[in-house]
Amino acid sequence: MKNSVQKIGISGGTFNPIHIGHLIIAETVRDKFGLDKVLFIPSGMPPHKNLGSVVCAEKRFDMVQRAVAGNPYFEASRIEVDREGYTYTVDTLKKLRETYGKDTNLYYIIGADVLNDLLTWRSFEDVFKICEFIAVLRPGNDEKVFYKQMEYLRDAYGVRIHFIDAPLIDISSTEIRERIKEGRSIKYLVPESVEEYIESNGLYKE
């Protein structure tokens, strides 16, 4: 008999552009934690980014939508793209809680390095009440620092944190943009449909 509580993962970010590393980590987490769905949420106007290097939200959403199309457990969400002004995680989580109800567990997927930034997030205590976190421990992360920060957040703020070891995927959106500027190949770094979209729209060339 299936558990009546739905489990939804959240993969948020600029996705400028989305790449296979994002997809592999999300699928690894989904499989490990038995998530019913993973929402990919490209940020609309991220407060911590230099917007000069960020492609418009609509195009980033289009790329995410193409990237996740082949996985029935993945879904692209417009929740932040359609919001006016800066996008904050707490607002997104409140909306998701309203949409999916109390019988849904929300799991926010983050890199282990983000643990150190959680206390800088707007209304972080509200964030901690609404969702749980799945921290991805990548090769190269300092495990002692990671576990110490995780224990601190649990003890001091009651943060619900799980962790998972992720495969080594040394790909970044920054590297992909640099490759495009230099006229180098990005094949296999992004899904084929995303590569075609970038090429047809002339993205990241300047």
Side-chain angles (χ1 to χ4, degrees), residues 9-30 38-71 74-83 85-89 92 108-118 120-121 134-143 145-146 164-206:
I10 301 163
S11 179
T14 314
F15 296 125
N16 188 43
I18 190 168
H19 55 70
I20 62 163
H22 295 126
L23 302 174
I24 292 171
I25 287 174
E27 178 63 13
T28 301
V29 170
R30 184 204 66 77
V38 177
L39 293 175
F40 285 76
I41 305 179
S43 56
M45 189 182 294
H48 304 301
K49 291 281 185 178
N50 174 10
L51 296 179
S53 63
V54 179
V55 163
C56 76
E58 203 63 53
K59 285 187 169 65
R60 288 184 286 110
F61 174 80
D62 285 346
M63 287 188 282
V64 168
Q65 196 169 39
R66 283 162 171 73
V68 305
N71 189 326
F74 287 177
E75 181 181 316
S77 169
R78 295 185 59 90
I79 190 170
E80 292 192 356
V81 171
D82 291 338
R83 185 182 300 137
Y86 286 119
T87 51
Y88 293 98
T89 300
T92 299
Y108 205 101
I109 303 167
I110 58 173
D113 52 316
V114 176
L115 281 184
N116 296 320
D117 300 329
L118 290 182
T120 69
W121 287 17
I134 298 175
V136 179
L137 187 61
R138 299 186 181 95
N141 286 135
D142 189 321
E143 292 190 24
V145 172
F146 169 74
I164 183 173
D165 291 316
L168 175 59
I169 309 161
D170 190 17
I171 302 172
S172 72
S173 297
T174 302
E175 177 194 356
I176 291 169
R177 295 195 302 272
E178 288 300 319
R179 280 176 167 266
I180 295 169
K181 282 182 184 178
E182 296 167 4
R184 298 165 62 201
S185 172
I186 59 168
K187 189 171 290 295
Y188 308 124
L189 299 179
V190 299
E192 186 175 352
S193 59
V194 173
E195 182 184 6
E196 291 171 352
Y197 185 88
I198 290 172
E199 178 61 30
S200 64
N201 286 275
L203 302 183
Y204 306 118
K205 290 188 175 179
E206 293 182 5

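Note that CD1 of Ile110 is 4.5 Å distant from CG of Leu115, once rounded to the nearest 0.5 Å. Taking CD1 of Ile18 as the reference point, atom OG of Ser11 lies at 7.0 Å (rounded to 0.5 Å). Distance check, rounded to the nearest 0.5 Å: CD1 of Ile109 to NE2 of His22 gives 11.0 Å. Note that CD1 of Ile171 and CD1 of Ile176 are 6.5 Å apart. Values are rounded to the nearest 0.5 Å. Separating the CD1 atom in Ile164 from the OG1 atom in Thr28 is a distance of 6.0 Å, to the nearest 0.5 Å. Note that OG of Ser77 and CZ of Phe61 are 7.5 Å apart. Values are rounded to the nearest 0.5 Å.
For Glu199, the salt bridge (Lys or Arg N to Asp or Glu O under 4.0 Å) criterion is met by Lys205, not counting sequence neighbours. Under the salt bridge (Lys or Arg N to Asp or Glu O under 4.0 Å) criterion, Asp82 pairs with Arg78, sequence neighbours left out. Residues forming a side chain to side chain donor-acceptor pair (under 3.5 Å) with Glu27 (at least two apart in sequence, or on another chain): Arg30, Asn71.
Between Trp121 and Tyr108, the ring-plane angle classifies as perpendicular under the 30° and 60° cut-offs.
Between Leu23 and Pro191 the shortest heavy-atom distance is CD1-CG, 3.6 Å. Taking all atoms of both residues into account, the shortest heavy-atom contact from Ser193 to Ala67 is OG-N, 4.2 Å.
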Item checked: Worked verdict on Arg60 versus Val81 for side-chain contact (heavy atoms from CB on, under 4.5 Å) -> CA-CA 9 Å; Arg60 288 184 286 110; Val81 171; over 6 Å; no

Note to self: Run Met63 and Val190 through side-chain contact (heavy atoms from CB on, under 4.5 Å) and show every step you take.
What the structure shows: CA-CA 10 Å; Met63 287 188 282; Val190 299; over 6 Å; no

Check: Phe146 and Asn141: side-chain contact (heavy atoms from CB on, under 4.5 Å), yes or no, with the steps?
Finding: CA-CA 8 Å; Phe146 169 74; Asn141 286 135; 5.6 Å; no

Next item on the list: With side-chain contact (heavy atoms from CB on, under 4.5 Å) as the test, would you mind laying out the steps for Tyr188 and Ile20 before giving the verdict?
Entry: CA-CA 8 Å; Tyr188 308 124; Ile20 62 163; 5.7 Å; no

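Side-chain contact between Pro17 and Ile198: present, with at least one pair of heavy atoms (C-beta onward) separated by less than 4.5 Å. You'll find the side chain of Thr92 reaches within 4.5 Å of the side chain of Ile41, heavy atoms only. Using a 4.5 Å heavy-atom cutoff, the side chains of Tyr197 and Leu203 are in contact.
In this structure, Glu175 places its CD atom where more than 12 heavy-atom neighbours from other residues, nucleotides or ligands lie under 6.0 Å away.
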